[in-house]
Engineer: 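Take this structure, written in structure tokens, and hold onto it; I'll ask about it next.
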Amino acid sequence: MDIRFLPETDLERAVCADPEWQAGAAWGTPRPGHPEGSVAAHVADVLSNVEKVATSPGERAKLRLIAILHDACKHRVDESRNRTGDNNHAVLARRLAERFTADLEILEVIELHDEAYNSWRLFTRGRVPRAEERIRILVERLGPSLPLYLRFFRADNGVPGKDPSPTEWFESRIPPASCSS
């Protein structure tokens with residue numbers, strides 16, 4: 001498998017050596033929003049953005065682990081079913097991540113990493129009250145983890161081929177007092 005980044009820590013090396021992670025990292029072909037193709041190539045792009053958004057070495061380490069794991073289970077999603085619960089790549093990625101870390105902040109960001117995007121999609125389809133409610137619930141659930149989530153959302157959605165609109169929309173919905181960016 002072609003991994004386009006170098007794991008930096010023993011933890012990152014353990015994740016990248018895991019057969020389930022490797023299968024997920026190899027999955028993917030170029031598609032809308034992901035012209036790079038494989039999950040591993042996307043991770044490499046996100047890691048480049050982590051370098052721009054991290055505010056400290058500790059946050060950088062968390063963002064790197066989130067980036068490496070966040071899409072690792074897309075290959076396990078059954079496209080013929082609704083992508084919820086046990087058929088949601090982010091829920092599955094959180095479960096994979098739980099084998100490597102007990103850090104609840106990291107686990108929550110992995111599980112919720114697409115929630116702001118999903119809310120934006122509702123908004124663009126005219127379901128404004130539901131989109132706003134989902135953002136409110138997301139912000140409440142994340143609590144003090146909101147700044148980390150926001151930085152990861154920027155890194156994940158700031159890669160080539162992605163529309164900046166979801167990030168701009170989400171940032172405009174965050175109460176100023178709840179997030180320092």
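In what follows, residues are counted from 1 in the order of the sequence shown.
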Engineer: Would you name the heavy atoms of S38 and A25 that are closest together and state the gap between them?
Structural biologist: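 Heavy-atom minimum between the residues: CB-O, 3.6 Å.
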Engineer: With rounding to the nearest 0.5 Å, note down the distance linking OH in Y149 to CD1 in I110.
Structural biologist: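 Reported value, rounded in 0.5 Å steps: 12.5 Å.
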Engineer: Quick test of your reading of the model: are E132 and R136 salt-bridged, counting only N-O distances below 4.0 Å?
Structural biologist: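 Here E132 does not pair with R136 in a salt bridge, since their nearest N and O are not under 4.0 Å apart.
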Engineer: ring-ring contact (aromatic ring centres under 6.0 Å, His included): which pairs involve residues 77-104, sequence neighbours left out?
Structural biologist: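 The answer is H89-H113.
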Engineer: Indicate if L148 and L107 have the same hydrophobic cluster label, given that clusters are the connected sets of ILVMFWY residues with side-chain heavy-atom separations under 4.5 angstrom.
Structural biologist: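 In one cluster with L148: L107, no.
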Engineer: Do you know the tightest heavy-atom contact between D103 and E105?
Structural biologist: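 Nearest pair, atom of D103 first, then E105: OD1-N, 2.9 Å.
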Engineer: Check the surroundings of atom CZ in R127: do more than 12 heavy atoms from other residues, nucleotides or ligands lie under 6.0 Å from it?
Structural biologist: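 Open: at most 12 neighbouring heavy atoms sit under 6.0 Å from CZ of R127.
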Engineer: Of I106, V109, V53, which meets side-chain contact (heavy atoms from CB on, under 4.5 Å) against L63?
Structural biologist: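 Testing each of I106, V109, V53 against L63, the sole residue satisfying side-chain contact (heavy atoms from CB on, under 4.5 Å) is V53.
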Engineer: Mind checking what makes ring pair (Phe, Tyr, Trp, His ring centres under 6.0 Å) contact with F123, not counting sequence neighbours?
Structural biologist: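 Partners of F123 by the ring pair (Phe, Tyr, Trp, His ring centres under 6.0 Å) criterion, ordered by chain and then number, come out as W169.
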Engineer: Before giving the answer on side chain to side chain donor-acceptor pair (under 3.5 Å), spell out for H42 and D156 the whole-Å C-alpha distance, their side-chain angles and the decisive distance to 0.1 Å.
Structural biologist: CA-CA 8 Å; H42 173 62; D156 187 27; 2.7 Å; yes
Engineer: Are D86 and R95 ion-paired here, with the side-chain N under 4.0 Å from a carboxylate O?
Structural biologist: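 Judged by the 4.0 Å cut-off on N to carboxylate O distance, D86 and R95 do form a salt bridge.
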Engineer: Supply the atom-to-atom distance L6 CG to E12 CD, rounded to the nearest 0.5 angstrom.
Structural biologist: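 Separation between the atoms: 10.0 Å.
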Engineer: Any idea which heavy atoms bring A93 and H70 closest together, and the distance?
Structural biologist: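 For A93 and H70, the tightest heavy-atom pair comes out as CB-O, 3.6 Å.
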Engineer: Taking NZ, NE, NH1 and NH2 as the nitrogens, is one of them in R141 or E115 under 4.0 Å from a carboxylate oxygen of the other?
Structural biologist: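 Between E115 and R141 there is no salt bridge, as every charged N stays at least 4.0 Å from the carboxylate O atoms.
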Engineer: For E168, check salt bridge (Lys or Arg N to Asp or Glu O under 4.0 Å) against everything at least two apart and list the hits.
Structural biologist: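 In terms of salt bridge (Lys or Arg N to Asp or Glu O under 4.0 Å), with neighbours along the sequence ignored, E168 is linked to no residue.
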